[in-house]
Structure formats: structure tokens, C-alpha cells
Number of protein chains: 2
Amino acid sequence: MSDTSAPPAASEGADQRMPTIRDIAERAGVATSTVSRALSNPQRVNARTRERIEKIAAELNYVPSTQARGLSSGRTGAIAVLVPDVTNPFYFDIIRGTQNQLKAAGYTQLLVDTEEATDVELDALRRLRRTSDGIILAASRLTDAQLAEVAGRQPLVTINRATADAPTVLIDTPGAMVQALEHLASLGHTKVTYVGGPTSSWSTHRRWQAIQEAASRRNIEVTRIGPYAPKTLSGAAAADAALGTGATAFIAFNDLIAIGMLQRFRERGVRVPEDVSIVGCDDIFGADFCNPPLTTISSPIEQAGRTAVSMLLAQLDPLYGGTPRKLAVMPTHLQVRASTGPAKLA
Amino acid sequence: MSDTSAPPAASEGADQRMPTIRDIAERAGVATSTVSRALSNPQRVNARTRERIEKIAAELNYVPSTQARGLSSGRTGAIAVLVPDVTNPFYFDIIRGTQNQLKAAGYTQLLVDTEEATDVELDALRRLRRTSDGIILAASRLTDAQLAEVAGRQPLVTINRATADAPTVLIDTPGAMVQALEHLASLGHTKVTYVGGPTSSWSTHRRWQAIQEAASRRNIEVTRIGPYAPKTLSGAAAADAALGTGATAFIAFNDLIAIGMLQRFRERGVRVPEDVSIVGCDDIFGADFCNPPLTTISSPIEQAGRTAVSMLLAQLDPLYGGTPRKLAVMPTHLQVRASTGPAKLA
DNA sequence: CAACTTTTGGCAATCGCTTGCCGGTGTGTT
DNA sequence: AACACACCGGCAAGCGATTGCCAAAAGTTG
């Protein structure tokens, strides 16, 4: 127990040099290449040597350098997740989903907030080209052309933004719009207003389309207001404008806006659901305990995140899962709570 | 316009090799070291050459490799932010704060969810030693000894977890507990129950202490129940237990639990604030629109995140800001809303 | 104009790990 | 006994930057 090297490095206590595969190799009396293989390609090395190496690695409390590994292997072990706004609860479930799945697969998650801005998104995408192995892009604000270019450069999966150039996870909110409309119709509403989200949002257009279609087949008159930023604060303006349309029921782009409207209506003494009905979208945290609890469109958002990761991983490593899917559609359903009720007779 | 190299690499359209400083150096007719300096140490190189190099870099759409840079310079350009639960709205604001400040300083944020588990936290910390330049640790579950060890190994700032071994950002919720108690006392409450958070949470102990102290100086009898997980779901059990204490007012570890209690009381027909009063903590998203709106302890959480980043940056780079502070305390105040009211006469 | 200082840019050694290639052993097949 | 073929481990060449050291060029000074 005193033949090998290991200088007594113990110093002040702060930052001693970290062990590298070289240190392990020396201790084990093998080449660094063997250590490398033992640690990241186990079946390529004899079981006994591997165990010995692993033991030493553990003793030294060895942690491989992602940097060096990435530099030489070309892979970074990181996946970037881009969302328009980290404080929007909707994305938190997505993030939670991607986080879990990525961790399980041994990847690191790089969270990026694109601030609902196209240029920030593009810039992030640009620098991430080098930093990450792939990208999950939620609710992208990019144009089709931009998206195509990005998809051509790096592995990509989009969420709530269909494109032919990359696999996509869609949350079928448009499908649920039909349910929402039927629900409102059966409550006697004949005039419905859609409170639209940001112009650059792909989802808001799809939802509006779905609503128009569904309405034309029923006896419902629909109008649209907006755009509104997807924040509770925008809800106030939206509520005021909504009242001006003369409609008795409103479908909001998302729950944030819907909740903001709820608050504003309360301020103005408009009763929900007695005077007007509101339907939200996403069933975010808070939708169940606001006042009144919000009727909204619910879906397995966290699973959408997980699915996106699976699709991306399949793209990166063809052996990963079965046939790589190009499209996954998350089911949705109308979660009826107390913000919708019978239409008020004129 | 045809003298230099640049083989027509245009191929299928997918992943051509990315430009490196070598490519730029060749094009510019200088050494790679010059390019490196021109790009990351501008004043070290002649203005004209620098401009030329910058121009070429832009043309080539050059993006430096963080990996290579990190490998040779020792810095990674990334800061890790560890939170116990990414879906807890309290951390939304912290994350938003760190995100902003880090981006402004040119750092990448690595978000890690430690799942309220000590071992996950330790493990993440271990591997992050190599991956990040510094760490922001929110509401750590570590023991003092563990924390000290971690702090000895890597630059660290804690949030809501004081330790002598690292700079800390504290949100003065204990201070606000006094306000809360005074508020309740003035409403005639004489029996108050504290609904405690996780045992491993440092904050819950401090709050309880503050409450006990404040209560002993007034004419209030306080009891404590718990521990409860900081989720709305735990609120139901907490509500039931709280009722059993015979107290007329409850102070919850955080808003999540408080909101859960609100829901449970509603189910059981206990009226808030007529029958019992509830005070939450954190003033998270949702506290203002739940039913009834929650009286809670409010503070500039996002700023806490920003401050933590500043303190960490000061630690990494002494020239960054003035004297590195070891402690920052965020002010708090009681945000009175509708969940507290006069004590019900026995 | 010589001696000296400051700028500026090049050389080459790293950083820590991966991986293509090669050769030495051990086992299995005729 | 001879040949083929896994299996295993070593060698060494990178990956793409940074940076200490050095020398040529340019600027200063008396």
C-alpha cells in the first residue's frame, strides 16, 4: 500500500485538481483508452478490468468532463428546450415532462426562455447548434421557412406547431373547441366570442379555424377579438372588449387570459356564469381553484413533453425506440367546471 | 473573389461541418490564436485585423464551441440552478429572475429539479462540479456539513438556506410571521396553528421559531402540525388536521398548502374567513385569484433570483461588482386579502 | 540614430476524452 | 497442426478552443 504515485495533494481545502481518466489509468496500470472504454462502452472491455477501473473511479470520486467528452465525440449530452415564457404555468408541465424523460435517458436539459420573441428564438437556436444535440421547440413563433431551415441544421421536435420538416407533438385543442362549442350551445348560447392569442401563435389560428367550422355547422354566431398577450394582465382588456361584442360566452386562447377575464368581470360586477360564460384552455395550475373554477380544455401536457423527448431521441439514435413517429397528437377533453352556465335570456 | 480555399461543401442540405476558428484563420490569413484573441479578447489585437476577422466570422456564421472553449479555459459559461420542484410556482419567479440575470451576463442557465430529495440533490451537485462554473441552490435539503463540503468544492450561493460557508439570499418570511400574527391577533384570534412544511426544510423551522417567539410576546397560543409536502394535494390532510387543533386561524408553510386547505374547507363546508382564517406564504401565482383570495406573505422573489446571480458572479469574478456580499435579505410584507377575518366567537 | 518599450501576431502545448487502427492472446474449426 | 476469428488492450491522432512565451514590428526617447 505504498508503491504507486498519488502525491499528498491535500492542501487548503478548496479546489484541488479533479481526477481525470489519466489518474485512473495510472492507478489501474492500464491505458487511458481502456479506462474510457470501461466507463462508456462496458462490453468492449474485459469484465475484470472493468470492475477494477470502476472501483478506482468510484474511490477517486471521478466525474467525467462533459466538455472533453463532447469535444471528442461530437455529442454534447444536452437537449435544449425552448419555451416562450418560463413563468407561464402551461410550459411548466411541459418542462417537467421533458426534464423527467431526459434525465432518464441520461441527457441534460438546457432550458431557454425565448421571451415570446422571434429574434431571441432564432439567436438561441443559432448558438445552441453547437451546444446541444437536439432541440425541443415549444410553441415556436418562427415562420415555416425559418423552421425548415432550423430543422435542416439540427435535430428538432416541435410542440404545438406543425411543420413538415420536423416531428411534432400536437395538443389537440382545436378538436376540443368543438366540444366547447357544443357545451355552450347546449347551454343555450348562440353568440360566442373567441379571445385570440398572439398573432404569431400558430395555435391561436388553428383554434379559431376550428371554432368557425364547428360554429357554422351549428346555429352559433362567432366573433373574434384580440390579439392578447397570454398573461392574466391582458385578461382585463380582453374582458372589456369581450363584453362589447354582445356575446354571452367567451372562449379564451388560454387559461391565463381566461383567469384575467374572470378577475376583471368580478371587478365590474359581471357575474360568471350567471351573466356570461367563459371557457379557458390548457387546464393550468390554478384553473381548478380560481373563482369560479374554470371550465377549460384539459390534456396530458406533461406527457406531451415526454413524448417530444422520445421522438427527439428516436431521431438522434435510430435504435432508441421503434419506428420514429413524425406526429403525435395528445388527446384533449373539455373539463367542465363552474365558469360556464345557461345563457342569460336577453 | 476566387483565390482562397473554401471547397464547395454544399451537399444534401443537412449537417455540413461547422466553421471553426481555423476556417476563419485561413480565410483571414492569420493564426488561429489571433482569431481566438480577436473574438474573446478584443483589445489584445489590432483594430483592423479584428474587424476583418469579425467580418469573416459573421459571414461564416461562426459560433464558438462552448465545449472546446470550456475545455481549454476551464470555464464552462454555465451556471446551474437547483430547485426542489420546477412545477412549484414559487420557483417560477426565482427561475425567471436567475434566467434574466444570467442571460444578461452571458451565462447559460442549467435548470435542475432535485425532486425534493437529498440524494438527487447531492448527485446533481457532484456531476455539476464539472459542468458548471457555479451553483445557485434554492431551498436546499442538505445538512450543514454537506453544504459546507459542497461550498468548499465549487462557487455556490444559496437561497432560503443560510450557511456560513456560502453567500445567501434570504427571504425574510420569519420577519413577516410577526406581521401575520399581529394581523390575526388584531382580528381577535387567540389560538393559531402553524401548518409545517417538509422536515428537511430549513425555512419551515425558522418560520415556526419566529411564530413561537412572536406569539409568546402576545397573548396567543400557537400549535404546530405537519410535516406536509408543499403541494396543494397535501392541503386536504392539513386542513383536516388543522381543524382538529381547535385553532381559529392557520398559518401555512406556503401558498400551495394554503390553497389546498382552502379547497378542502370548501368541500367540508367550513367557511373562510367566517369560520377560520388562513394565511399563506410566498404570494405565488394563484394566491390572488383563488377563492377566497389568500392573505399571504409577499416578497420580491424574482429579485431574489437576480440577487443570487449577482452574488455568484461577484464570487466568480471579483471585478464584477463591488464588495461581494455574503448575505442579502429580501424584504417581505403581509399581503392582506380575503382569507383572513375576525375570529369567530366560541 | 541607438537603445528601449510597447504592440501585435505566431508557435505550440495543453485541456480531458474518444476512437480508428493494430497487434498479441486465447479459443474453435478443419 | 494450421488457420481463422473473436476478444482485449495500447498507441496516437484528433476534437476546437485558449494562452504562455517569444520574436518581429512599430513607436518612444534622449
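In what follows, every chain begins at residue 1, and chains take the letters A, B, ... in the order their sequences are listed.
Overall bending of the helix from C:dC1-D:dG30 to C:dT30-D:dA1, expressed as the angle between end axes built from five pairs apiece, is 30° (10° steps).
In this structure, the side chains of B:Q109 and B:T98 come closer than 4.5 Å at one or more pairs of heavy atoms. Looking only at side-chain heavy atoms (C-beta outward), B:I159 and B:L137 stay at 4.5 Å or farther from each other. You'll find the side chain of B:W202 stays beyond 4.5 Å of the side chain of B:N160, heavy atoms only. No side-chain heavy atom of A:I24 sits less than 4.5 Å from a side-chain heavy atom of A:V30.
Sequence order on DNA chain D of the closest nucleotides to B:V63 and B:R37 puts B:V63 first from the 5' end. With the nearest nucleotide of DNA chain C identified for both B:A68 and B:V30, B:V30 has the one nearer the 5' end. Mapped onto DNA chain C by nearest heavy atom, B:S72 and B:T32 fall at different nucleotides, with B:T32 at the one closer to the 5' end.
The base of C:dG9 sits with one of its N or O atoms less than 3.5 Å from a complementary donor or acceptor on the side chain of B:R44.
Between A:T49 and D:dC8 there is no side-chain polar atom (N or O) within less than 4.0 angstrom of OP1 or OP2.
Distance, B:L71 CG to D:dT19 C1': 13 Å, rounded to whole Å. Nucleotide C:dG16 holds its C1' atom 10 Å from the CZ atom of A:R17, rounded to whole Å. Protein atom CD1 of A:I21 is 11 Å distant from nucleotide atom C1' of C:dT19, rounded to whole Å. In this entry the distance linking CD of A:Q43 with C1' of D:dC8 reads 12 Å, nearest Å. Taking atom CG on A:L39 and atom C1' on C:dT19, their separation rounds to 15 Å, with Å as the unit. Whole-Å rounding puts the A:R22 CZ to D:dG10 C1' distance at 15 Å. Taking atom CD of residue B:Q67 and atom C1' of nucleotide C:dG16, one finds them 12 Å apart after rounding to whole Å. Nucleotide C:dT27 holds its P atom 12 Å from the CG atom of A:N46, rounded to whole Å.
Counting only N and O atoms by type, the side chains of B:T143 and B:Q146 include a donor and acceptor under 3.5 Å apart. Residues A:T158 and A:T168 bring a donor and an acceptor atom of their side chains to less than 3.5 Å of each other. One side chain, A:Q43 or A:N41, offers a donor N or O that lies under 3.5 Å from an acceptor on the other.
B:T66 comes within 4.0 angstrom of no nucleic acid atom, judged by non-hydrogen atoms across all strands. Here B:S36 lies in heavy-atom contact (under 4.0 Å) with a base.
Note on residues 64-74 of chain B: pairs passing side-chain hydrogen bond (donor to acceptor under 3.5 Å, both in side chains), not counting sequence neighbours, are A:T131-B:T66.
Among C:dG16, D:dT19, C:dT8, the nucleotide with an atom closest to any side-chain atom of B:S73 is D:dT19. Of the candidate nucleotides D:dG9, D:dT18, C:dT19, C:dT19 has the atom lying nearest to any side-chain atom of A:R75. Looking at the side chain of A:S33, the nearest of the listed nucleotides C:dT19, D:dT18, C:dG10 is C:dT19. Proximity note for B:T34 (side chain, C-beta onward) versus C:dG9, D:dG9, C:dT18: the nearest is C:dG9. When distances run from any side-chain atom of A:P64 to the nucleotides C:dC17, C:dT8, D:dA17, the shortest one goes to C:dC17. When distances run from any side-chain atom of A:R130 to the nucleotides D:dG9, D:dA17, D:dC21, the shortest one goes to D:dA17. When the nucleotides D:dG10, C:dG9, C:dC17 are ranked by their closest atom to the side chain of A:T20, C:dC17 comes out on top.
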